[in-house]
S.K.: 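Below: one structure in structure tokens.
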Amino acid sequence: MPYRLSSLFLRTLREDPADAEVESHRLLVRAGYIRRAAPGVFSWLPLGLMVKTKIEQIVREEMAAAGAQEVFFPALLPKEPYEVTGRWDDYGDNIFRLKDRKDAEYLLAPTHEEVFTLLVKDLYNSYKDLPLSIYQIQNKYRDEARPRAGLLRGREFVMKDAYSFDVTDEGLEVSYQAQRAAYERIFTRLGLEYVIVSADAGAMGGSKSEEFLSPSEIGEDSFVRSASGFAANVEAVRFSQSPAITPNKQAAEDHASPNTPTIATLVSFSNENHPKPDGTWEASDTLKNVVLALIAGDGKRRLVTVGIPGDREVDQKRAEAWFGCDVEQANEADFKSHPELVKGYIGPRKDSKQFLGLEAESKIEYLLDPRIAEGSSWITGANKDQMHTWHLTFGRDFSADGIADIAEIRAGDPAPDGSGPLEMARGIEIGHIFQLGRKYAEALGLKVLDSNGKLVTVTMGSYGIGVTRLVAVIAEACHDDKGLMWPDSVAPANLHIIAAGKDEAAFEAAESLTAGAEALGLRVMLDDRPKVSPGVKFADAELIGNPWIIICGRGVAEGEVELWNRVTGERSQVKIDSVLAELMAKR
RNA sequence: CGGGAUGUAGCGCAGCGGUAGCGCGCCUGCUUUGGGAGCAGGAUGUCGCAGGUUCGAUCCCUGCCAUCCCGACCA
């Protein structure tokens, strides 16, 4: 049956909703696809539901092709499994928690690793049962501190989450690759541009993870890419150690450097008082030694010092990914408990002896940015108030405990794989795949007997796609100033037929074309509203955004209708008898 | 959790001490029908909530709540 606009549960808005900032939110509300029910929570009207359903269908087909079986868990879950893995606490305020009448605690699941693991444990106990991949398409609940951008970051959203179970690491790799390939097919079928970036596994744990990002200005994820194919999340980029260079012959020398607590003041002081033999000192000639506090799970702070080129800042997210824990700049209390650290004048060496480092005087770990090449010389702190060292050379005058690749990345930095300069870009996360390894299976005791009759812990992967987010991402990528422009694969209808004017013949032609198109297997939206002016119908057709439009209007008297491509804007007069054939040929 | 803004009809907004208005949408009638029609008539509100000031508060004051934006956070 066609959608009939004369009776469809739909009201398009002529004006933009005031609370919608991003295009997808604005248009989805205006065109009557969704309505806000609460912050980050949306109701789905018939058109929105159809788009969502079509996306889900594509996901289902590709999951089946990848060998994954569909299941369905509750969204409402008891807290116990999440306590076992620690996530009841780890998620903090981001979990919606509730109690039943007996005061038993529940949560609305933010993700389902625990219960999937437990279900497999319930049912399976032999290696012969594995590998297994199962998935569901389910509502997820996260009490986001700040939901935003309509469907892009909601508190209730639909996610396809798949989980793989294998006995061996090699098996996990195979399962992982099967999901990865399925994701590529899904996003391609949805008509989305995407990049796969290596990512930080973060709170999910596990060894390897990749994100699928849809490039977009309004994306919340920063990633870098090179022209020849390198792409990575900013947190996950790893630079290799710069090769050693031949040190210059200048000996290191300490000098008083009054009033130079910052890199800028130090650089101008150096140029005035200790000019560079072959040019001008720049911020990149200085070695900035930052003191960081690594915060363990129990809240204990451990200080480390990291030397980075003076023209760069520490990127906190990269630091947290590198160290695998929360990281803060050292605070006043930290400096108080380490009076040997002279704020603003910290350096690796003091009085011609190594100062920073686990084995050195300070006993504070000292790590270096990988850009700091052996043999390179630096202006850096001398660990005395108003005192710096010039020509301090790595490998000759000081050493380090290791590297810390936590400096900010800049556009133009060379890609770590040598594929050229990096450019910065933003993207929306549309999929994320993880090799979880044995973290959850270990915690929840998921073991099977192997071929030798020995109990072995199962290794897992988890694979997520934000289905409702995809609705917004596609809308974000496919629209113009008039409205939405859905790809045929997800549009509410393949064809939008307008009966324009008041002429009975136009309505009859529209009805008969509708029947004809449906016989060809097309889903049709028929604008059969009586007494609505053509202008309104045209505007609504453009706003709603089905890929093809046929206008039955004045031309019907001469046996002609207009075939209109919503995406290209191309419009042509076509004989009624041949319009469907032409449409089928073009789509 | 910090900073900012805003809460008045379904949507977009105005009003600012004297008990509420405009546009769109909605209902009725007539006219109109290829780019969000015209005319006439009509329905719709705890002016976010609670206190306070005042003869009188949508308007001023205090507190709270909510929403949106920026930031922090975000499998």
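Here is how names work: the chains are called A, B, and so on, in the same order as the sequence lines, proteins then strands, and each is numbered from 1.
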S.K.: Between B:G71, B:G36, B:C11, which nucleotide has the shortest distance from any of its atoms to the side chain of A:Arg148?
M.R.: B:G71
S.K.: Which whole number of Å gives the distance between the C1' atom of B:G25 and that of B:G10?
M.R.: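 My reading of the C1' atoms in B:G25 and B:G10 gives 7 Å.
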S.K.: Roughly how far apart, to the nearest Å, are B:U54 and B:C68 at atom C1'?
M.R.: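 B:U54 and B:C68 have their C1' atoms separated by 34 Å.
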S.K.: B:C47 pairs with which nucleotide, Watson-Crick or G-U wobble, both distances below 3.5 Å?
M.R.: none
S.K.: In terms of the nearest nucleotide of RNA chain B, which residue is placed more toward the 5' end: A:Gln573 or A:Glu144?
M.R.: A:Gln573
S.K.: So, OP1 or OP2 of B:A37: does either fall under 4.0 Å of a side-chain N or O from A:Ser533?
M.R.: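 For B:A37, OP1/OP2 do have a side-chain N/O of A:Ser533 under 4.0 Å.
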S.K.: Report yes if a donor N or O on one partner sits less than 3.5 Å from an acceptor N or O on the other, where the partners are the side chain of A:Asp16 and the base of B:G12; otherwise report no.
M.R.: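 Answer no: no donor N or O sits under 3.5 Å from an acceptor.
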S.K.: Which value, in whole Å, describes the distance between the P atoms of nucleotides B:G3 and B:U53?
M.R.: 31 Å
S.K.: Assign the ring pair A:Phe42 / A:His25 to parallel, tilted or perpendicular, where the plane angle (0 to 90°) is split at 30° and 60°.
M.R.: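 Plane angle over 60°, so perpendicular.
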S.K.: Can you find an N or O donor on one side and an acceptor on the other, under 3.5 Å apart, linking the side chain of A:Glu542 with the base of B:G35?
M.R.: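 Check passes, donor-acceptor contact within cut-off.
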S.K.: Among B:U33, B:G23, B:G36, which is the nearest nucleotide to the side chain of A:Glu15?
M.R.: B:G23
S.K.: Check the phosphate of B:G25 against A:Arg14, side-chain N and O only, distance under 4.0 Å to OP1 or OP2. Yes or no?
M.R.: yes
S.K.: Scan A:Arg571 against the nucleic acid and name what it touches under 4.0 Å (heavy atoms): base, sugar-phosphate only, or nothing.
M.R.: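 If one applies the 4.0 Å heavy-atom cut-off, A:Arg571 turns out to touch a base.
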S.K.: Can you measure A:Arg566 atom CZ to B:G35 atom C1' for me and round it to whole angstrom units?
M.R.: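 It works out to 14 Å between those atoms.
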S.K.: Can you identify which nucleotide, out of B:G35, B:U32, B:C69, has its nearest atom closest to the A:Lys482 side chain?
M.R.: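 My answer, after comparing the listed nucleotides, is B:G35.
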S.K.: Using a 4.0 Å heavy-atom cut-off, does A:Ala539 contact any base of the nucleic acid, only the sugar-phosphate backbone, or nothing at all?
M.R.: base
S.K.: Using atom types as modelled, flag every donor-acceptor pair under 3.5 Å from a side chain in residues 72-82 of chain A to any protein atom, sequence neighbours excluded.
M.R.:
residue : atom : partner  : partner atom : Å
A:Lys79 : NZ   : A:Glu105 : OE1          : 2.6
A:Tyr82 : OH   : A:Thr111 : O            : 2.6

S.K.: What is the distance from NZ of A:Lys502 to P of B:U31, rounded to the nearest Å?
M.R.: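 Distance check: A:Lys502 NZ to B:U31 P gives 9 Å.
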S.K.: For nucleotides B:G56 and B:G12, find the distance between their P atoms and express it as a whole number of Å.
M.R.: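 Going atom to atom, P in each nucleotide, I get 35 Å.
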S.K.: Does B:G7 pair with anything, Watson-Crick or G-U wobble, both distances under 3.5 Å, and if so, with which nucleotide?
M.R.: B:C65
S.K.: Checking contacts here: which listed nucleotide (B:G36, B:G10, B:G25) is nearest the side-chain heavy atoms of A:Arg11?
M.R.: B:G25
S.K.: Determine the contact category for A:Phe157: base if any of its heavy atoms lies under 4.0 Å from a base atom, sugar-phosphate if only primed atoms, P, OP1 or OP2 are that close, otherwise nothing.
M.R.: base
S.K.: What is the nucleic acid contact for A:Ala506, judged by heavy atoms within less than 4.0 Å: base, sugar-phosphate only, or nothing?
M.R.: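 Here A:Ala506 touches no strand at all.
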S.K.: From CZ of A:Arg554 over to C1' of B:G35, roughly how many Å is that when rounded to an integer?
M.R.: 12 Å
S.K.: Do A:Arg554 and A:Asp503 meet the salt-bridge criterion of a basic N to acidic O distance under 4.0 Å?
M.R.: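 Result for this pair is no, no salt bridge flagged.
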S.K.: Is the shortest heavy-atom distance from the side chain of A:Leu28 to the side chain of A:Trp44 under 4.5 Å?
M.R.: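 No; the side chains remain at least 4.5 Å from each other.
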S.K.: Going by an N to O cut-off under 4.0 Å, is there a salt bridge joining A:Glu313 and A:Lys288?
M.R.: yes
S.K.: Within this structure, what is the CZ-to-C1' distance between A:Phe96 and B:C74, rounded to whole angstrom?
M.R.: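 A:Phe96 atom CZ is separated from B:C74 atom C1' by 14 Å.
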S.K.: When the C1' atoms of B:G4 and B:C61 are considered, how many whole Å apart are they?
M.R.: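 After rounding to an integer number of Å, I get 22 Å for this pair.
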S.K.: Regarding B:C74, can its base be found pairing with the side chain of A:Arg153 as donor and acceptor, where the two atoms are less than 3.5 Å apart?
M.R.: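 Answer yes: a donor N or O sits under 3.5 Å from an acceptor.
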S.K.: Which label fits B:U31, syn or anti, where anti is any glycosidic angle not within 90° of 0?
M.R.: anti
S.K.: Whom does B:G2 pair with, Watson-Crick or G-U wobble, provided both distances fall under 3.5 Å?
M.R.: B:C70
S.K.: Would you mind reading off the distance between A:Lys537 atom NZ and B:A37 atom P, rounded to a whole angstrom?
M.R.: 12 Å
S.K.: Mind checking if A:Pro39 touches a base, just sugar-phosphate, or nothing, with heavy atoms under 4.0 Å?
M.R.: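 The residue A:Pro39 makes sugar-phosphate contact but no base contact.
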S.K.: Should B:U32 form a Watson-Crick or G-U wobble pair with both distances under 3.5 Å, which nucleotide is its partner?
M.R.: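 For B:U32, the partner nucleotide comes out as none, under the 3.5 Å rule.
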S.K.: Without decimals, in angstroms, what is the distance between A:Tyr141 OH and B:C74 C1'?
M.R.: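 Those two atoms, OH and C1', are 19 Å apart.
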S.K.: Taking the same atom, C1', in B:C26 and in B:G71, what whole-Å distance lies between them?
M.R.: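 The answer is 42 Å between these two C1' atoms.
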S.K.: Using heavy atoms to find the nearest nucleotide of RNA chain B for A:Trp564 and A:Gly464 separately, return the residue whose nucleotide is more 5′.
M.R.: A:Trp564
S.K.: In whole angstroms, how far is the C1' atom of B:G25 from the CG atom of A:Leu543?
M.R.: 15 Å
S.K.: Would you tell me whether A:Tyr163 and A:Asp161 have side-chain atoms, one donor and one acceptor, within less than 3.5 Å of each other?
M.R.: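 Distance-only check passes for A:Tyr163 and A:Asp161.
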S.K.: So A:His432 and A:Phe434, would you call those rings parallel, tilted or perpendicular, with 30° and 60° as cut-offs?
M.R.: parallel
S.K.: Partner of B:C16 by Watson-Crick or G-U wobble geometry, both contacts under 3.5 Å, or none?
M.R.: none
S.K.: Counting only side-chain heavy atoms from C-beta out, which of B:C13, B:G34, B:C68 sits nearest to A:Arg36?
M.R.: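 For the A:Arg36 side chain, the nearest candidate turns out to be B:C68.
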S.K.: Between B:U67, B:G23, B:G34, which nucleotide gets closest to the side-chain atoms of A:Phe538?
M.R.: B:G34
S.K.: I need the NE2-C1' distance between A:His496 and B:G35, as an integer number of Å.
M.R.: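 From A:His496 NE2 to B:G35 C1': 14 Å.
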S.K.: Taking only the C1' atom of each, what is the distance from B:A57 to B:U19 in whole angstrom?
M.R.: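 Approximately 9 Å lies between the C1' atom of B:A57 and that of B:U19.
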S.K.: I'd like the P distance from B:A14 over to B:A50, given in whole Å.
M.R.: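 Result for the P pair: 24 Å, nearest Å.
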S.K.: Checking side-chain polar atoms at under 3.5 Å, does A:Gln136 have a donor or acceptor matched by the opposite partner on A:His112?
M.R.: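 Yes, because at least one side-chain N or O of A:Gln136 sits under 3.5 Å from a partner of the opposite role on A:His112.
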S.K.: Name the pairing partner of B:G41, where a pair is Watson-Crick or G-U wobble with both distances under 3.5 Å, or state none.
M.R.: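 Its partner is B:C27.
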S.K.: Pairing check on B:G56: which nucleotide meets the Watson-Crick or G-U wobble criteria with it, both distances under 3.5 Å?
M.R.: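 No nucleotide pairs with B:G56.
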S.K.: Which word best sums up how the rings of A:Trp564 and A:Phe538 line up, parallel for under 30°, tilted for 30 to 60°, or perpendicular for over 60°?
M.R.: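 Rings of A:Trp564 and A:Phe538: perpendicular, as their planes differ by over 60°.
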